[in-house]
Amino acid sequence: MLTRTEGIVLKTQKYGEADLIVTYLSSDKGIIKAFAKSPRKTKSRFGSSLEPLTHARISLWGKEQAALPKITQADILNSFHRIREDFQDFVNISRLVEILLSVMPDGAPNKRLFAFFLNVLHTIKASERGSKDALHLITRIRLLAAIGCAPRLQSCGRCGEKSLDFYPSSGTILCNKCAAPLTQERSTLRISNNTVRFYTHTIEWPIHISNRLKPRREVLAELSDLLDKHLTYLLSKKLNSSEFLVGANRTRAGASR
Ligand SMILES: [Zn+2]
């Protein structure tokens with residue numbers, strides 16, 4: 001059976017000598033894997049359509065329940081090569097991809113998630129050069145919100161009481177009363193009102209204008225730290241890419257000295 005859909009390439013793995021297994025975020029089937037026959041033999045159009053983050057219209061051939069349908073055609077709609085060529089953009093988008101792949105089950109349709117992710121790629125592509133730390137942080141928060149895993153910072157997650165103590169193991173702000181029974185988990189982060197305000201805006205503003213948000217450096221640092229801890233608990237492991245990024249920054253700082 002031939003299936004047509006739109007997909008964004010999340011990752012590719014070599015398969016045998018010349019073949020590839022491609023993981024897509026598809027518009028109507030969620031995350032899917034498909035098989036590409038010898039795309040690496042030549043620098044073909046088909047080969048370029050399988051580059052990470054490429055948005056393409058794809059045709060897949062295989063039985064209805066086939067675990068690995070074959071890609072028979074892929075027409076590029078957006079190559080997003082600018083993102084691949086920008087080190088910081090690519091590393092940050094790779095983090096989003098890792099979160100997606102860790103949290104979302106394969107084959108769970110989610111049209112809104114596809115539209116959201118495409119919107120993020122367009123927003124990053126259109127953003128100016130220079131520091132995009134805020135934009136990258138916002139996209140991470142928004143992705144977590146889109147998949148229902150965003151930390152709750154507006155108020156205590158149990159009773160709604162005002163508080164500023166974030167409990168990474170619970171993924172939420174808790175007030176003293178609600179936190180009291182958590183005897184073994186004492187790891188908390190005290191956050192500022194400015195951080196809560198900025199966070200609320202990141203969740204509520206449309207993503208394509210979110211680069212107008214200009215948080216203070218302290219707010220960015222505080223929220224970035226909080227998000228790292230939240231993700232560590234969420235994914236039960238530190239994201240490989242955040243360790244990669246720290247390593248890469250260290251190497252770069254060393255090289256520029
Ligand atoms: Zn409470």
Side-chain angles (χ1 to χ4, degrees), residues 30-31 92 95-105 108-113 115-117 119-120 123 132-243 245-246:
I31 294 174
N92 277 289
R95 273 188 184 181
L96 300 191
V97 168
E98 274 187 73
I99 296 170
L100 263 181
L101 291 174
S102 312
V103 175
M104 296 300 290
N110 193 329
K111 270 192 196 304
R112 278 180 59 195
L113 184 62
F116 164 81
F117 198 69
N119 205 347
V120 166
T123 305
K132 292 185 215 167
D133 291 349
L135 180 60
H136 287 308
L137 184 71
I138 292 166
T139 56
R140 220 144 65 227
I141 293 168
R142 292 296 293 267
L143 175 74
L144 288 169
I147 58 182
C149 297
R152 184 187 159 105
L153 303 189
Q154 291 83 348
S155 59
C156 172
R158 304 245 164 107
C159 73
E161 192 71 27
K162 187 89 189 121
S163 164
L164 292 169
D165 291 324
F166 179 72
Y167 286 73
S169 59
S170 303
T172 179
I173 292 268
L174 291 173
C175 68
N176 282 339
K177 216 169 91 200
C178 294
L182 305 170
T183 41
Q184 73 277 52
E185 187 44 71
R186 297 278 87 193
S187 152
T188 59
L189 276 175
R190 168 63 57 89
I191 58 171
S192 67
N193 276 312
N194 283 339
T195 296
V196 175
R197 208 169 303 129
F198 172 70
Y199 181 79
T200 308
H201 286 148
T202 66
I203 296 278
E204 288 170 357
W205 282 30
I207 191 87
H208 65 277
I209 56 162
S210 56
N211 48 6
R212 291 189 209 157
L213 286 165
K214 306 277 184 225
R216 286 211 219 127
R217 191 178 296 212
E218 314 86 81
V219 166
L220 208 57
E222 199 170 75
L223 200 50
S224 180
D225 181 40
L226 182 148
L227 217 57
D228 277 352
K229 292 195 165 68
H230 177 69
L231 281 167
T232 302
Y233 272 94
L234 186 70
L235 308 179
S236 307
K237 67 179 170 86
K238 199 153 177 72
L239 280 175
N240 292 330
S241 66
S242 58
E243 277 162 16
L245 188 62
V246 169

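Note that ligands are numbered from 1 as they come in the structure, with each ligand's atoms numbered from 1 the same way.
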Side-chain donor or acceptor of His201 paired with backbone N/O of Val196 under 3.5 Å | no

Going by chain and residue number, what protein N/O/S atoms come nearer than 2.8 Å to the Zn ion (ligand 1)?
-> Cys156 SG, Cys159 SG, Cys175 SG, Cys178 SG

Quick one: are Arg95 and Arg140 in side-chain contact, heavy atoms under 4.5 Å?
-> yes

Test item: Arg142 side-chain N/O and Thr202 main-chain N/O as donor-acceptor pair under 3.5 Å | yes

Beyond-backbone contact of Ile99 with Ile147, side-chain heavy atoms, under 4.5 angstrom | yes

Do Ile203 and Phe198 come close enough that some side-chain heavy atom pair is under 4.5 Å?
-> no

dist Arg197:CZ -> Leu153:CG (nearest 0.5 Å) comes out at 13.5 Å

